[in-house]
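Owing to the predicted nature of the structure, the values given are computational and were not obtained by experimental measurement. Quick note: numbers below take in every heavy atom, side chains included, and nothing from hydrogens, waters or symmetry partners.
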Amino acid sequence: MHTKSSTVSSDKNHYHSINFEHKFSLFQEQWLPKVIAEMNDYQFKVARLQGDFIWHDHADTDETFIVLEGQLRIDFRDGHVVVSQGEMYVVPKGVEHKPFAEKEVKLLLIEPCDTLNTGNVGGERTATNDVWI
C-alpha cells in the first residue's frame, strides 16, 4: 500500500527522493499513468506512451507534459507541438488535443487529483485513476 506522501517515510528522520528510473522499472504498460507524488491538490504521474491516443480535452484544468525520455507530439485541431526529452508543454484547459509517440516516451504528468486521462470522452482508453507506485 502506498501513502500519498511518498517522499517521507513513517520515520520522520528519514527522507527519500523519488527516482524516476526506479518508478519506470515497476511497470511496462502504456497509456496508464501511475501516481508517484502528490502536492496540495495536484498529482505527479509517470507514464509510458507509444502510438496514437484519442482526441480529448480537460474542461476544468490545464495539463502539463514533461518528457523525460523520447519525443512526444501533441496534436491540436489547428496544428501540433513537438516536446523532446528535457522539455515540457502545458495544454491549456478546454483545448482538444491528442498525444502521439512514434517510439516509446517516458513522461511526467502534472494535473489535479481525479483528472481522467481521457477527459470527458471516457471509453476503453480511460485509465483507472489514483494508481500509486
Side-chain angles (χ1 to χ4, degrees):
M1 184 165 143
H2 298 286
T3 66
K4 294 196 180 213
S5 180
S6 60
T7 58
V8 180
S9 69
S10 59
D11 178 353
K12 295 294 181 187
N13 295 323
H14 293 93
Y15 297 91
H16 303 279
S17 62
I18 297 172
N19 182 283
F20 293 126
E21 187 175 330
H22 171 71
K23 292 298 185 180
F24 279 108
S25 75
L26 299 175
F27 70 101
Q28 296 300 313
E29 59 267 25
Q30 297 175 337
W31 300 104
L32 300 174
K34 311 292 185 202
V35 181
I36 61 168
E38 198 168 274
M39 179 186 70
N40 301 321
D41 295 331
Y42 281 79
Q43 289 183 326
F44 295 77
K45 302 175 183 179
V46 290
R48 294 172 177 268
L49 312 180
Q50 186 171 1
D52 231 349
F53 200 54
I54 61 171
W55 285 102
H56 69 285
D57 66 56
H58 303 278
D60 300 319
T61 185
D62 300 336
E63 183 176 28
T64 302
F65 293 83
I66 301 171
V67 175
L68 302 174
E69 186 177 306
Q71 187 175 72
L72 177 69
R73 187 183 79 216
I74 304 173
D75 293 327
F76 303 99
R77 292 297 185 180
D78 61 351
H80 70 272
V81 63
V82 174
V83 188
S84 297
Q85 182 173 323
E87 297 179 338
M88 65 177 273
Y89 187 81
V90 179
V91 177
K93 68 180 175 183
V95 174
E96 196 173 21
H97 60 285
K98 181 176 64 71
F100 170 79
E102 186 173 325
K103 297 179 181 177
E104 186 175 75
V105 169
K106 295 178 183 174
L107 57 79
L108 178 67
L109 296 166
I110 303 172
E111 55 196 11
C113 299
D114 300 323
T115 300
L116 293 176
N117 66 326
T118 55
N120 294 329
V121 173
E124 65 183 40
R125 298 296 297 269
T126 302
T128 302
N129 222 5
D130 210 32
V131 176
W132 285 76
I133 58 169

Q. By side-chain contact (heavy atoms from CB on, under 4.5 Å), which residues pair with Asn19, not counting sequence neighbours?
A. Glu21, His22
Q: List in chain and number order the residues that pass side-chain contact (heavy atoms from CB on, under 4.5 Å) with Met88, two or more places apart in sequence or in another chain; answer none if no residue qualifies.
A: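 For Met88 the side-chain contact (heavy atoms from CB on, under 4.5 Å) partners, ignoring immediate neighbours, are Thr64, Ile66, Val90.
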Which atom names give the shortest non-hydrogen contact between [X] and [Y], and what distance separates them?
X	Y	result
Ala37	Ile18	CB-CD1, 3.7 Å
Asp114	Gln43	N-OE1, 4.4 Å
Lys23	Ile133	NZ-O, 2.8 Å
Glu38	Cys113	OE1-SG, 3.5 Å
Ala127	Pro33	CB-CD, 3.9 Å

same_hphob_cluster([X], [Y]) at 4.5 Å side-chain heavy-atom cutoff:
X	Y	answer
Val83	Leu49	yes
Val121	Val91	yes
Val131	Leu26	no
Val81	Phe100	no
Leu68	Phe65	no

Could you state the interatomic distance from [atom1] ([X]) to [atom2] ([Y]), rounded to the nearest 0.5 Å?
X	Y	atom1	atom2	value
Ile74	His97	CD1	NE2	6.5 Å
Asp57	Asp60	CG	CG	9.5 Å
Trp132	Lys34	CH2	NZ	13.5 Å
Arg125	Leu116	CZ	CG	14.5 Å

Q) Quick one: ring pair (Phe, Tyr, Trp, His ring centres under 6.0 Å) partners of Phe24, sequence neighbours excluded? A) Phe27
Enumerate, atom names and distances included, each donor-acceptor pair closer than 3.5 Å involving a side-chain atom of residues 101-110, sequence neighbours excluded.
from, atom 1, to, atom 2, distance (Å)
Glu104, OE1, Arg48, NH1, 2.8
Glu104, OE2, Gln30, NE2, 2.9

Q) When the ring planes of His16 and His14 are compared, do they come out parallel, tilted or perpendicular, using 30° and 60° as the limits? A)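 The arrangement is parallel - the two ring planes meet at less than 30°.
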Q: For the residue pair Phe53 and Trp31, categorise the inter-ring angle as parallel (less than 30°), tilted (30 to 60°) or perpendicular (more than 60°).
A: parallel
Q | Pairing residues for Asp75 by the salt bridge (charged side-chain N to carboxylate O under 4.0 Å, His left out) criterion, not counting sequence neighbours | A | Arg73, Lys98
Q.
Between Asn117 and Leu32 (side chain of the first, backbone of the second, donor and acceptor by atom type, cut-off under 3.5 Å), is there such a pair?
A. no
Q: Scan residues 80-92 for pairs that pass side chain to side chain donor-acceptor pair (under 3.5 Å), counting only residues two or more places apart or in two chains.
A: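 Qualifying pairs: Gln71-Ser84.
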**Q.** Sidechain N-carboxylate O distance under 4.0 Å for Glu63, Lys45
**A.**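 Salt bridge between Glu63 and Lys45, a charged N being under 4.0 Å from a carboxylate O: no.
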